Protein chains: 2
Amino acid sequence: MFAKHEHAHCIEDAVKSAERICEERNLRFTDLRRRVLELVWQNHGAAKAYDLLDQLGDEYSAKPPTVYRALDFLQENGLVHKINSLNAYVGCQHPLEHRDCFFLICSDCQEVAECCAGDVASSIRELVAAHHFAPRRTTVEIEGQCQQCQQCQGLD
Amino acid sequence: MFAKHEHAHCIEDAVKSAERICEERNLRFTDLRRRVLELVWQNHGAAKAYDLLDQLGDEYSAKPPTVYRALDFLQENGLVHKINSLNAYVGCQHPLEHRDCFFLICSDCQEVAECCAGDVASSIRELVAAHHFAPRRTTVEIEGQCQQCQQCQGLD
DNA sequence: TGTGATATGTAATATTATAACAATAACATT
DNA sequence: AATGTTATTGTTATAATATTACATATCACA
């Protein structure tokens with residue numbers, strides 16, 4: 001599996017930068033949105049919408065739209081990514097440059113690593129230009145086995 | 001929109017090559033599987049599972065598992081691709097080399113173009129190698145506007 | 001013809017996501 | 001502070017996508 005760590009720190013950072021971003025853009029970073037962002041980060045892998053819903057528990061009168069709206073807001077503002085191949089959500093590692101992000105998804109440990117590879121981005125730009133296509137959103141999701149899980153080969 | 005054409009021809013070709021492939025691999029290309037493959041190709045854009053289900057109509061006693069099983073078979077054998085960002089399915093243009101396929105998805109006309117770009121594939125291979133990641137499946141989906149739809153800009 | 005494996009039928013249900021409308025909170029202006 | 005406006009959240013219902021579990025049928029072949 002990917003290296004796990006105590007990431008209270010990550011959560012805190014993510015929330016702080018979300019606050020800054022929303023302030024700059026004049027957006028409302030409400031309690032609910034903050035809470036959903038925290039929960040997304042709290043999961044090691046990608047978080048499923050209905051798990052977030054459970055985790056919200058009674059704090060908020062949480063029904064599906066509650067969570068999906070918060071996730072929509074967070075996605076629109078580059079704070080989380082949706083992983084389509086998992087129907088799940090991960091926090092964005094660098095919301096200020098929320099572009100050209102690619103994902104390595106480990107099928108064994110369920111961790112998702114976000115990568116920003118200039119070469120991939122530029123080869124995709126060329127591909128798109130060659131087809132005179134105007135891209136709005138690009139998804140690159142690579143499912144497989146991460147380094148750690150390759151080493152454990154069925155030991156866990 | 002992408003150029004449309006009468007593609008009875010495409011369907012025929014797709015079915016023929018599926019037949020060949022299944023024969024070579026000793027797989028059963030049953031009537032149901034053939035019919036689902038035809039229906040997938042019959043749609044201009046990507047086909048949704050429940051639309052296929054409707055289109056199967058009374059020919060087969062079609063319930064959801066009927067369609068999903070056929071789609072699973074076709075996917076496993078490289079005959080169709082699932083487009084995750086649409087929850088929909090398209091026929092593979094070259095099932096014999098069903099690898100490194102990327103998709104340009106037009107949000108206006110809903111057509112999906114399959115591309116095979118060596119540069120993209122190799123930059124992804126490098127990215128993956130740099131992370132010592134063992135890829136099993138790679139998804140590249142680019143949503144945007146195709147050339148034709150850019151030219152029509154709201155004329156339709 | 002019988003046997004095991006593969007494929008399909010069927011009912012039920014799980015999972016993921018949205019629509020529609022009501023209530024509330026925040027914000028801007030007077 | 002009162003008002004109008006917009007953005008956010010609450011609530012109910014339902015739509016859309018996909019799977020489980022088990023029964024039945026078909027195929028391949030000894």
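Below, read A as the first sequence line, B as the second, and so on, with proteins coming before strands; counting in each chain starts at 1. Quick note: numbers below take in every heavy atom, side chains included, and nothing from hydrogens, waters or symmetry partners. Source: prediction; values computed, not measured.
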query = Within the pair Asn87(B) and dT16(C), is there a side-chain N or O less than 4.0 Å away from OP1 or OP2?
reply = no
ask   = Would you say Lys48(A) reaches dT15(C)'s phosphate, i.e. side-chain N/O to OP1/OP2 under 4.0 Å?
value = no
task = Give the rounded distance in Å between these two atoms: CG of Asn26(A) and P of dA26(C).
result = 15 Å
inquiry  = Please check: side-chain N/O of Glu141(B) versus main-chain N/O of Ser85(B), any donor-acceptor pairing under 3.5 Å?
reply    = yes
query = When only distance counts, do a donor and an acceptor, one from the side chain of Tyr50(A) and one from the base of dA14(C), lie under 3.5 Å apart?
reply = no
query = Closer than 4.0 Å, any side-chain N/O of Tyr68(B) to the OP1 or OP2 of dT19(D)?
reply = no
request  = Indicate whether OP1 or OP2 belonging to dA18(D) is found under 4.0 Å from a side-chain N or O atom of Tyr89(B).
outcome  = yes
ask   = Rounding to a whole Å, what distance do you find between Arg69(A):CZ and dT16(C):C1'?
value = 16 Å
Integer-rounded Å distance: dT18(C) C1' and Lys82(A) NZ = 12 Å
request  = Give the rounded distance in Å between these two atoms: CG of Asp54(B) and C1' of dT17(D).
outcome  = 13 Å
Integer-rounded Å distance: dA11(C) C1' and Leu53(B) CG = 14 Å
note = Contacts of Phe73(A) and Ala88(B) projected onto DNA chain D by closest heavy atom; the upstream (5') one is Phe73(A)
ask   = So, are Arg35(B) and Glu38(B) salt-bridged, with charged N and O less than 4.0 Å apart?
value = yes
ask   = Do the non-hydrogen side-chain atoms of Glu111(B) and Cys146(B) ever get within less than 4.5 Å of each other?
value = no
DNA chain C contacts among residues 28-36 of chain A, heavy-atom distance under 4.0 Å = Arg28(A)
query = Taking atom C1' of dT17(D) as reference, at what distance in whole Å does atom CG of Leu86(A) sit?
reply = 16 Å
task = Measure from CD on Gln75(A) to C1' on dT16(C) and round the result to the nearest Å.
result = 13 Å
ask   = Tell me: CG of Asp72(B) to P of dT8(C), nearest whole Å?
value = 12 Å
ask   = Is Lys63(A) near enough to dA22(C) that one of its side-chain N or O atoms lies under 4.0 angstrom from OP1 or OP2?
value = no
task = Could you tell me whether the side chain of Phe103(A) reaches within less than 4.5 Å of the side chain of Val90(A), counting heavy atoms only?
result = yes
request  = Start with the C-alpha gap between Glu143(B) and Arg137(A), add the side-chain angles, then the distance that decides, and say whether salt bridge (charged side-chain N to carboxylate O under 4.0 Å, His left out) holds.
outcome  = CA-CA 5 Å; Glu143(B) 297 172 66; Arg137(A) 195 172 12 161; 3.7 Å; yes
Pair Gln150(A)-His132(B), side-chain donor/acceptor within less than 3.5 Å = no
remark   = Paired with Cys22(B), the side-chain contact (heavy atoms from CB on, under 4.5 Å) test is passed by just one of Asn77(B), Thr30(B), Leu27(B), namely Leu27(B)
